[in-house]
Amino acid sequence: QVQLVESGGGLVQAGDSLRLSCTASGRTFSSYAMGWFRQAPGKERGFVAAITRSGGSTSYGDSVKGRFTISRDNAKNTVYLQMNSLKPEDTAVYYCAGRYYGDSSRSPSDYRYWGQGTQVTVSS
């Protein structure tokens with residue numbers, strides 16, 4: 001089992017940047033495909049980005065493509081989400097998720113392990 005802890009959220013202005021981190025403890029981090037999801041009030045949890053176990057392949061939701069970058073450092077048991085050119089519509093609770101020995105996926109139901117979430121608020 002792996003435990004995931006997100007950090008790095010906060011209140012920023014439109015156009016600013018923010019970097020989220022998700023640190024894992026427990027089993028070998030490199031055995032997990034990782035994803036970032038977000039949930040705004042009254043909305044379903046939606047896909048943001050995902051990365052394969054090796055970090056060799058990434059995928060992004062259409063609304064963040066070109067602005068957000070997912071990366072991982074398996075030596076530090078950490079996955080990152082670099083968010084640039086933030087918009088008010090990016091405001092949400094951001095969650096990292098892990099999938100043991102699976103491919104990276106856009107579907108929340110494919111991930112068994114979740115962090116507690118970190119709030120990102122973008123003011124206009």
Side-chain angles (χ1 to χ4, degrees):
Q1 188 169 345
V2 67
Q3 291 78 42
L4 303 174
V5 178
E6 302 97 335
S7 61
L11 172 63
V12 297
Q13 294 185 335
D16 285 352
S17 297
L18 207 56
R19 188 176 81 158
L20 305 183
S21 299
C22 172
T23 301
S25 60
R27 288 184 179 174
T28 306
F29 180 65
S30 59
S31 300
Y32 292 82
M34 299 298 296
W36 284 98
F37 295 82
R38 66 187 182 186
Q39 188 166 19
K43 295 188 176 181
E44 293 185 352
R45 191 168 297 189
F47 173 71
V48 175
I51 189 166
T52 55
R53 286 175 278 155
S54 67
S57 181
T58 59
S59 57
Y60 297 92
D62 289 342
S63 63
V64 306
K65 199 172 297 182
R67 298 188 298 123
F68 291 10
T69 303
I70 187 172
S71 61
R72 67 189 297 161
D73 185 338
N74 285 343
K76 295 183 178 179
N77 285 7
T78 301
V79 61
Y80 305 98
L81 185 68
Q82 177 67 42
M83 305 185 294
N84 298 331
S85 302
L86 282 161
K87 304 175 181 181
E89 51 263 45
D90 294 319
T91 295
V93 177
Y94 283 72
Y95 299 89
C96 71
R99 187 183 190 195
Y100 185 58
Y101 265 113
D103 295 330
S104 60
S105 171
R106 296 170 174 256
S107 175
S109 62
D110 286 335
Y111 294 82
R112 179 176 180 181
Y113 303 101
W114 291 83
Q116 82 289 349
T118 185
Q119 176 70 47
V120 172
T121 303
V122 184
S123 64
S124 57

Do any pairs count as a disulfide (SG to SG under 2.5 Å) and have a residue in residues 57-124, sequence neighbours left out, and if so which ones?
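The answer is Cys22-Cys96.
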
Under the side-chain contact (heavy atoms from CB on, under 4.5 Å) rule, what do Leu18 and Val120 come out as? Steps first, then yes or no, please.
CA-CA 9 Å; Leu18 207 56; Val120 172; 4.0 Å; yes

Residues Tyr111, Leu4; criterion side-chain contact (heavy atoms from CB on, under 4.5 Å); working and verdict:
CA-CA 12 Å; Tyr111 294 82; Leu4 303 174; over 6 Å; no

Could you tell me the separation between the [atom1] atom of [X] and the [atom2] atom of [Y], rounded to the nearest 0.5 Å?
X	Y	atom1	atom2	result
Phe68	Met83	CZ	CE	5.5 Å
Tyr80	Ser71	OH	OG	7.0 Å
Arg99	Ser107	CZ	OG	8.5 Å
Ile51	Ser57	CD1	OG	8.5 Å
Gln119	Gln39	CD	CD	11.0 Å
Arg72	Phe29	CZ	CZ	4.0 Å

Looking at every non-hydrogen atom in both residues, tell me the closest pair between [X] and [Y] and how far apart they are.
X	Y	value
Lys76	Thr23	O-CG2, 4.4 Å
Tyr113	Val2	CG-CG1, 3.5 Å
Gly102	Ala33	O-CB, 3.3 Å
Ala49	Leu81	CB-CD1, 4.2 Å

Please work out whether the ring planes of Tyr32 and Tyr100 are parallel, tilted or perpendicular, with thresholds of 30° and 60°.
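Tilted.
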
Quick one: sort the Trp114 and Tyr95 rings into parallel, tilted or perpendicular, breaks at 30° and 60°.
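Perpendicular.
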
Contacts of type side-chain contact (heavy atoms from CB on, under 4.5 Å), residue [X], not counting sequence neighbours:
X	answer
Ser63	Arg38
Ser59	Phe47, Ala50, Arg106
Gln82	Ser17, Arg19, Thr69, Asn84
Lys43	Ala40

Any chance you could lay out the side-chain contact (heavy atoms from CB on, under 4.5 Å) test for Ile70 and Tyr60, step after step, and finish with the verdict?
CA-CA 8 Å; Ile70 187 172; Tyr60 297 92; 3.5 Å; yes

Cluster overlap Tyr94 with Val64, hydrophobic side-chain contacts below 4.5 Å:
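They do share one cluster, since a chain of ILVMFWY contacts under 4.5 Å joins Tyr94 to Val64.
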
If hydrophobic clusters are built by linking Ile, Leu, Val, Met, Phe, Trp and Tyr wherever their side-chain heavy atoms come under 4.5 Å apart, do Leu20 and Phe37 end up in the same one?
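Shared cluster, no.
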
Please confirm whether the backbone N or O of Gly117 pairs with a side-chain atom of Glu6, one donor and one acceptor, at under 3.5 Å?
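Yes, the answer is positive, given that a donor and an acceptor are paired below the 3.5 Å cut-off.
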
Just jot down the side chain to side chain donor-acceptor pair (under 3.5 Å) partners of Ser7, sequence neighbours excluded, or say none.
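By the side chain to side chain donor-acceptor pair (under 3.5 Å) rule, Ser7 matches no residue at all.
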
Checking Val12 against Thr121 for the side-chain contact (heavy atoms from CB on, under 4.5 Å) test, could you report, in this order, the C-alpha distance in whole Å, the side-chain angles of both residues, the deciding distance, and whether it holds?
CA-CA 6 Å; Val12 297; Thr121 303; over 6 Å; no

Side chains of [X] and [Y], donor plus acceptor under 3.5 Å:
X	Y	answer
Thr91	Glu89	no
Ser30	Asn74	no
Ser123	Gln13	no

Taking atom CG of Asp103 as the centre, does the number of heavy atoms from other residues, nucleotides or ligands within less than 6.0 Å exceed 12?
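No - once you tally the heavy atoms of other residues, nucleotides and ligands closer than 6.0 Å, there are 12 at most.
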
Given the rule in the salt bridge (Lys or Arg N to Asp or Glu O under 4.0 Å) test, do Asp90 and Lys87 qualify, once you have shown the distances and angles that lead to the verdict?
CA-CA 5 Å; Asp90 294 319; Lys87 304 175 181 181; over 6 Å; no

